Chemist: 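The structure's right below; bear with me while I get my questions together.
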Number of protein chains: 2
Amino acid sequence: MTVVQRQTGQASPAEGQGGVRAVTRALDLLIELSSWDRPVGLTELARRVDLHPTTALRLLESLRTRRFVHQTADRSYVLGSQTFEVGSAFLRNVSIWSQANQLADQLAASTGETASVGVLDGGQILYIAIARGQHDVGIASAAGTRHPAYCTSLGKAIMAELPAESVAQILRDDPPVRLTPKTLVDMDSLFRELGLVRKRGYAVDNEERTPGVLCVGAAIRDHQGKPVGALSISGPATRMREKGIAELGRSVATSAQAFSA
Amino acid sequence: MTVVQRQTGQASPAEGQGGVRAVTRALDLLIELSSWDRPVGLTELARRVDLHPTTALRLLESLRTRRFVHQTADRSYVLGSQTFEVGSAFLRNVSIWSQANQLADQLAASTGETASVGVLDGGQILYIAIARGQHDVGIASAAGTRHPAYCTSLGKAIMAELPAESVAQILRDDPPVRLTPKTLVDMDSLFRELGLVRKRGYAVDNEERTPGVLCVGAAIRDHQGKPVGALSISGPATRMREKGIAELGRSVATSAQAFSA
DNA sequence: AATGAAGTTCCGTACAACGCAATAGCTGTG
DNA sequence: CACAGCTATTGCGTTGTACGGAACTTCATT
């Protein structure tokens, strides 16, 4: 099915409201491009974001002059280095960033499992540092990716420290969806779970996001006690259970606590 | 002096040629914002990029809907998490990224000095990983920043492996400027220097970019022998000389070589 | 209260961004 | 080798839209 572009089109009232259409389109191109791991041709890229190739060409031209995209020898497009420069600047403003990698490395070394550090960003967990464990099986999320808060140990650890109203807001913005048979989707179960997290001092994602993967996380607090991020380890559910969830939980909680100070 | 904005204005013929004005302006806002380490108000930001506040507001609105910027409670602007997500995607496509941090960490641990990994990007060195040494004195560049190739050990190490024509192109695009009394600015000196780098197997930035700072670097090659990046250590010139430039050079070259394989 | 600065909304206009169509390059195929 | 099919690029006329000015609202400072 090919949707024909109409200049007057626009339609979708909820989408592009407010801003400048050309800019929104250009950003969509940039985001689309970032999901590719190899160069993409103009037409292909334009089709993905439902733009006329001519329009996409001009938008990409702007992105190119500012080095947000780069054109390869065969005229295909890849992300440009400016994206990394700006992204790095974002990280510098995340309070826990400077030590996030160290923290993840330490925990990965001491547990042998993959360790992650993330922050809460608009109802979702944004991973900012990953350290792969010895027996890594490639189940960890990459730095820079995001996942819903309600089905990750990081998210639950942070939400457990927030006022109920904030949590409700988060869950309203990003309503839980059943990703695995074990995903907690109703508010009651989730709030009960958060109570448990507070009591234990650590959160568990028991195959709630990915079948077979179990994560244990704890919140990192600032000097005022407010949660600024969280720390977790993840691994195959069977191996994690062998090692003992409670023990891993204490380990993560201890690391997070030490780091908070 | 306040420059009044005229819609017809535009003027500067070399600047915005080709692309879409609104997009270029929005990207300039984003880049400007990335140079701040605290929230900026609309008017302040608009003034910096020489835009009418109304115009900036709408452009920022687009950036906000796509989460490239975020508005704080007091309506000031900071970078949004999308910048980091896209920037991370850029890194994933840099071949040496996945191991760059490890490599830097190792070298920093073994030498005690700050280690950096960078790639050549449009005539400049883009730093993609930094590991601070034990006695760090805060002279290293942050990841995500860039510096000219001709006055860094990373840049010289990479250029030494490139065909003369490519080097000439790089130097033409980004003509050398005297940053310190020791900076090499003329083509002849630079090409002679690159010959020396090839012979020794490592490059030295002897206070050519920052007075008092000395760096030693070596290129990282892919399986075909082409340089894909470089590795360096940096420290106060006096201490580096005490440790012995030649020895440090061999150390860096060995690490880079081992990693290339 | 008055002043000033910053943020936001509204609006008419001009022009810049748009989509179309046509051209040019490239690849593979009958 | 011509031809068809695809992609990238250029030129162009139209109109929709991005623009800046002015007015209004907050909010902070005097």
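Reminder, nothing fancy here: chain letters follow the sequence lines and each chain counts from 1. All of these numbers come straight from a predicted model, not from anything done at the bench.
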Chemist: If the test is side-chain contact (heavy atoms from CB on, under 4.5 Å), which one of B:Leu79, B:Val86, B:Leu60 qualifies with B:Phe68?
Modeler: B:Val86

Chemist: Per the end-axis method with five pairs at each terminus, what is the bend angle of the helix from C:dA1-D:dT30 to C:dG30-D:dC1, to 10°?
Modeler: 30°

Chemist: So, for A:Thr72 and A:Pro39, which heavy atoms are closest and what is the spacing to 0.1 Å?
Modeler: CG2-CG, 4.0 Å

Chemist: Ring-plane angle category for A:Phe84 and B:Phe90, please: parallel below 30°, perpendicular beyond 60°, tilted otherwise.
Modeler: parallel

Chemist: Show the nearest heavy-atom pair for residues B:Ile130 and B:Ala142, with the distance to one decimal.
Modeler: CG1-C, 4.1 Å

Chemist: So does A:Arg21 get a side-chain nitrogen or oxygen closer than 4.0 Å to the phosphate oxygens (OP1/OP2) of D:dG16?
Modeler: no

Chemist: Less than 4.5 Å apart, any side-chain heavy atom of A:Arg66 and any of B:Val23?
Modeler: no

Chemist: In whole Å, I'd like the distance from the CZ atom of B:Arg25 to the P atom of C:dA17.
Modeler: 9 Å

Chemist: In whole Å, what is the span from the CG atom of A:Asp50 to the P atom of C:dC18?
Modeler: 14 Å

Chemist: Give each protein N/O atom lying under 3.5 Å from an N/O atom of nucleotides 5-11 of chain C, with the pair distance.
Modeler:
{"from": "C:dG7", "atom 1": "OP1", "to": "B:Leu42", "atom 2": "N", "distance (Å)": "2.9"}
{"from": "C:dG7", "atom 1": "OP2", "to": "B:Leu42", "atom 2": "N", "distance (Å)": "3.4"}
{"from": "C:dG7", "atom 1": "OP2", "to": "B:Thr43", "atom 2": "N", "distance (Å)": "2.5"}
{"from": "C:dG7", "atom 1": "OP2", "to": "B:Thr43", "atom 2": "OG1", "distance (Å)": "2.3"}

Chemist: Kindly write out the residues that satisfy side chain to side chain donor-acceptor pair (under 3.5 Å) with A:Asp121, not counting sequence neighbours, or none if the list is empty.
Modeler: A:Arg146, B:Ser81

Chemist: Does CZ in A:Arg198 sit with more than 12 non-hydrogen atoms of other residues, nucleotides or ligands closer than 6.0 Å?
Modeler: yes

Chemist: If you measure from the Lys or Arg side-chain nitrogens to the Asp or Glu carboxylate oxygens, is any gap between B:Glu165 and B:Arg172 under 4.0 Å?
Modeler: yes

Chemist: If I take atom CG in residue A:Leu45 and atom C1' in nucleotide D:dA8, what distance separates them, rounded to the nearest angstrom?
Modeler: 13 Å

